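Written below as structure tokens is the structure these notes are about.
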Amino acid sequence: MWAPKLLSLSSEEANQMTYNSILVAVNLPGGSDAAFERALSLANASAAELYVLHAVPADRPFGSRAVERLRRADALRARARDTGVKVHVVEQHGDPAALIALHADARAADVIVMGTTPRSAWSRFWQPSVVDQVLRRTSRPVLVVPREDGGAVTAPESVLVAVDLSPSSGPLIAASMHLFGRDARQVTVVHGVESVEGDRAVRSRARWLVPEYRGYILSDALDDIEAALPPRRNTDVEPQLRVAAGPVAEAIEAAAADVEADLIVMGRGQRVMELGSTLTRVLHRTDRAVLIVPQAAALQIVGHEPLIRRRAA
């Protein structure tokens, strides 16, 4: 079973982003280096092994551009070794998402690093991206890096944690504080309120237009976020809490822009990602790195601690 190195660290080190094994998926020979550079920086900072995987899609001949791929793989291997990182480069023919998930399990990867490729909404509708497919298959954290990413960020200065106030919100916040609470200058927890539930949709919308009622709902949501915060630790920064009204994905991106977030952290529950979900919308619209932490992974990171503090009735 996957168990991140974080659980075995001393309390002084417990809030540092530390890995044993990192898998980065690359597109050779013409892909962006952003994901590789980010993974290399993380591996260098953690003294972790780096596994570089290129999955040649099954619908392409494996021999196509083989010489170029070999040269590119050798360049990436040399780049890692020059920084002192132990690296393994692997190529395999088949379904990319399945191979990425398979190799991540085989290598006991603490995190999967992947890059993004701009795609139209129509193409995403007909064919989910490799990132989307990997997220459906793996129970490991996935760091999605935009093509324009500089790659050198190992300890983000500003982290935005997006929560939905489900039972998984507490572990997600706690895991984020474990990973980034020592080094980040700011951790912001945001919850988006898109609509108000009511007996009837028309009545719900009518009440939502009343400023006093809307203020009550937002204030109540803010209290719920505060109740989900983990116990403070001496090395933790004080998390900033926000509630935003409107379309949730847009609210998350607006909050990330406002706090100049280097990284957006989002959770993923037991259910398979659905087309049009908040997570997929954020992934398709943001130009920031996004770390997706499945619920089981968040619980492992924090050691299954009872982290949700219930408010008094």
Side-chain angles (χ1 to χ4, degrees), residues 2 4-6 8-9 13 15-57 62-93 96 99-118 130-131 134 138 140-159 179-180 182-184 262-263 287-292:
W2 171 67
K5 182 179 179 181
L6 185 60
S8 64
L9 294 178
E13 299 172 309
N15 287 334
Q16 297 184 26
M17 194 172 183
T18 309
Y19 302 107
N20 281 324
S21 174
I22 298 171
L23 176 79
V24 57
V26 297
N27 183 16
L28 302 177
S32 168
D33 287 343
F36 173 80
E37 292 297 333
R38 178 69 74 105
L40 181 60
S41 295
L42 293 175
N44 191 34
S46 302
E49 288 189 89
L50 180 63
Y51 295 91
V52 181
L53 172 65
H54 176 224
V56 180
F62 188 67
S64 175
R65 304 182 70 181
V67 174
E68 293 177 72
R69 297 203 316 264
L70 182 60
R71 289 173 179 167
R72 186 73 181 122
D74 286 343
L76 296 182
R77 185 183 292 107
R79 172 90 174 88
R81 288 177 175 171
D82 286 345
T83 63
V85 170
K86 185 176 181 180
V87 61
H88 308 270
V89 181
V90 179
E91 264 199 321
Q92 194 166 344
H93 198 210
L99 290 175
I100 291 169
L102 178 66
H103 280 267
D105 288 341
R107 310 295 184 182
D110 297 315
V111 65
I112 300 169
V113 183
M114 302 182 66
T116 58
T117 302
V130 175
V131 170
V134 169
T138 188
R140 300 173 186 277
V142 177
L143 176 61
V144 181
V145 180
R147 290 176 62 90
E148 296 77 15
D149 185 82
V153 177
T154 56
E157 293 189 359
S158 178
V159 178
L179 292 172
F180 311 109
R182 179 172 180 172
D183 297 317
D262 303 306
L263 179 70
D287 58 356
R288 305 170 194 276
V290 181
L291 177 65
I292 301 98

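Just so it is clear, the structure is predicted and the values come from calculations on it, not from any experiment. FYI, side chains are in, hydrogens and waters are out, and symmetry mates aren't considered; it's all heavy atoms of this structure.
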Problem - Any residue meeting side-chain contact (heavy atoms from CB on, under 4.5 Å) with Asp105, in chain and number order, not counting sequence neighbours - result: Arg140
Problem - With sequence neighbours excluded, residues passing side chain to side chain donor-acceptor pair (under 3.5 Å) with Asn44 - result: none
Fill in the blank from the handout: Closest non-hydrogen atoms of Ala108 and Ser21, given as atom of the first, atom of the second and distance, are O-CB, 3.7 Å
Practice task
Side-chain contact test, heavy atoms from C-beta onward, threshold under 4.5 Å: evaluate it for Ile22 versus Glu49 and give yes or no.
Solution key: no
Problem - Intermediate values then yes/no, side-chain contact (heavy atoms from CB on, under 4.5 Å), Arg72 and Val26 - result: CA-CA 10 Å; Arg72 186 73 181 122; Val26 297; over 6 Å; no
Handout entry: Which residues share a salt bridge (charged side-chain N to carboxylate O under 4.0 Å, His left out) with Asp287, sequence neighbours left out
Key = none
Problem - Sidechain-backbone polar pair: Thr83 side chain, Ala80 backbone, donor-acceptor under 3.5 Å - result: yes
Practice task
Kindly say whether Val134 contributes a backbone atom to a donor-acceptor pair with the side chain of Thr138 at under 3.5 angstrom?
Solution key: no
Exercise for the section: Test Leu40 against every option in Asp33, Leu76, Leu50 by the side-chain contact (heavy atoms from CB on, under 4.5 Å) rule and name the one that passes. Expected result: Leu50
Fill in the blank from the handout: Sorted by chain and number, sequence neighbours left out, side-chain contact (heavy atoms from CB on, under 4.5 Å) with Leu102 holds for none
Fill in the blank from the handout: Applying side chain to side chain donor-acceptor pair (under 3.5 Å) to His93 and not counting sequence neighbours gives none
Problem - Validation row: Leu70, Glu91 side chains within 4.5 angstrom (heavy atoms) - result: no
Completion exercise
Heavy-atom closest pair (Val89 atom, Ala73 atom, distance to 0.1 Å) is CG1-CB, 3.9 Å
Practice task
Go through the steps for His103 and Gln92 under the test side chain to side chain donor-acceptor pair (under 3.5 Å), then give the verdict.
Solution key: CA-CA 10 Å; His103 280 267; Gln92 194 166 344; 2.6 Å; yes
Practice task
Indicate yes or no: at least one non-hydrogen side-chain atom of Phe180 is less than 4.5 angstrom from one of Leu263.
Solution key: yes
Exercise for the section: Compare all side-chain heavy atoms of Leu143 with those of Met114 and state whether any distance is below 4.5 angstrom. Expected result: no
Practice task
Please examine the side chains of Val144 and Ile292, heavy atoms only from C-beta on, and report whether any two atoms are closer than 4.5 Å.
Solution key: yes
Exercise for the section: Could you tell me whether the side chain of Val113 reaches within less than 4.5 Å of the side chain of Phe36, counting heavy atoms only? Expected result: no
Exercise for the section: Apply side-chain contact (heavy atoms from CB on, under 4.5 Å) to the pair Leu291 and Val111, showing each step before the final yes or no. Expected result: CA-CA 9 Å; Leu291 177 65; Val111 65; 4.3 Å; yes
Practice task
Using the test side chain to side chain donor-acceptor pair (under 3.5 Å), find all partners of Arg79 that sit at least two apart in sequence or belong to another chain.
Solution key: Glu37
Problem - Arg71: partners by side chain to side chain donor-acceptor pair (under 3.5 Å), with sequence neighbours left out - result: none
Problem - Residues that Arg107 engages under salt bridge (charged side-chain N to carboxylate O under 4.0 Å, His left out), provided they are two or more places apart - result: none
Completion exercise
Scanning both residues in full, the closest heavy-atom pair of Gly115 with Val131 reads O-CG2, 3.7 Å
Handout entry: Under 3.5 Å: donor-acceptor pair, side chain of Asp262, backbone of Glu157
Key = yes
Handout entry: Beyond-backbone contact of Ile100 with Ile112, side-chain heavy atoms, under 4.5 angstrom
Key = yes
Practice task
Could you pull out all residues at least two apart from Ala101 that satisfy side-chain contact (heavy atoms from CB on, under 4.5 Å)?
Solution key: Arg137
Problem - Backbone N/O of Ala48 and side chain of Asn20: donor-acceptor pair under 3.5 Å - result: no
